[in-house]
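Values in this document were obtained by computation on a predicted structure and should not be read as measured data.
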Amino acid sequence: MMKKRISSRMTWWLKWGNPLFAIGFCMVWLVIASIRLPPDPVMLLIAMIAPLIAVIAILALTRRFIHPIADKVWDDGDVLIVRRNGQEERIALTNIVNVSYGQLNGVPKVTLLLREPSRFGERISYLPVIGSVMQAFFPLFQGEPKAVQDLIRRVDAARRQ
């Protein structure tokens, strides 16, 4: 079997583009508020603090929930090749205890529970490739993507051997 990418190409956008866009929006709000608001000190303080709190919240939530997601995952037959933050590790299918499919704020996510922890920990999450436009907009109503179903079957087969 030839190495095949099973993680979404939108991972970069979710991890970096989306938070930068949101932080940029907060900074624009901050600049506009400082220029357009009347010189009322209470209103000015509220208008300045709100976007700063939003930026702190965006950074904290992104660090906690988004950055642990793998950057890229490839299926290479009896192993998965996982890359995150410039580091790469090969995970044998026999080392995977469970494959779960769910969502992260509406975004489909696959989580692998490992028997022996890797350098990324005992759980590895990634965003799967989505098969259709309908599945992209309504991921949980459409069920698991074919690639995830195939991975679950292969992990079960590897575990039985």
Looking at side-chain heavy atoms only, is the closest gap between [X] and [Y] below 4.5 Å?
X: Asn18; Y: Ile66; value: no
X: Thr111; Y: Ser125; value: yes
X: Trp12; Y: Asp71; value: no
X: Arg5; Y: Val73; value: no
X: Ser7; Y: Lys72; value: yes
X: Tyr126; Y: Ile6; value: yes

Under a 4.5 Å side-chain heavy-atom rule over Ile, Leu, Val, Met, Phe, Trp and Tyr, are [X] and [Y] clustered together?
X: Val97; Y: Leu93; result: no
X: Leu127; Y: Trp74; result: no
X: Leu20; Y: Met10; result: no
X: Val55; Y: Met48; result: yes
X: Leu61; Y: Ile53; result: no

Exactly one candidate in Ile96, Val79, Ile81, Leu112 meets side-chain contact (heavy atoms from CB on, under 4.5 Å) with Ile91; the answer is Ile96
The single option from Leu114, Leu80, Leu113 that satisfies side-chain contact (heavy atoms from CB on, under 4.5 Å) with Asn95 is Leu114
Taking atom CZ as the centre, does Arg63 end up with more than 12 heavy-atom neighbours from other residues, nucleotides or ligands that are less than 6.0 angstrom away?
no
Within the side chain of Thr11, is there an N or O that forms a donor-acceptor pair under 3.5 Å with the backbone of Ser8?
yes
[atom1]-[atom2] distance between [X] and [Y], expressed to the nearest 0.5 angstrom:
X: Ser100; Y: Arg123; atom1: OG; atom2: CZ; answer: 7.5 Å
X: Asp78; Y: Gln161; atom1: CG; atom2: CD; answer: 10.0 Å
X: Asn85; Y: Lys15; atom1: CG; atom2: NZ; answer: 5.5 Å

Closest non-hydrogen atom pair between Trp13 and Pro19, with its separation:
O-CD, 4.1 Å
Work out which heavy atom in Cys26 is nearest to a heavy atom in Pro51; give both atom names and the distance.
O-CB, 3.5 Å
Between [X] and [Y], does any side-chain N to carboxylate O distance fall below 4.0 Å?
X: Arg159; Y: Asp156; value: yes
X: Lys146; Y: Asp150; value: no
X: Lys3; Y: Asp75; value: no

Suppose clustering is done on Ile, Leu, Val, Met, Phe, Trp and Tyr with side-chain heavy atoms closer than 4.5 Å. Which residues sit in the same group as Phe25?
Trp29
Geometric class of the Trp16/His67 ring pair [parallel <30°, tilted 30-60°, perpendicular >60°]:
perpendicular
Not counting sequence neighbours, list each pair that qualifies as a salt bridge (Lys or Arg N to Asp or Glu O under 4.0 Å) and has a residue in residues 79-97.
Asp76-Arg90, Arg83-Glu88, Glu89-Arg119
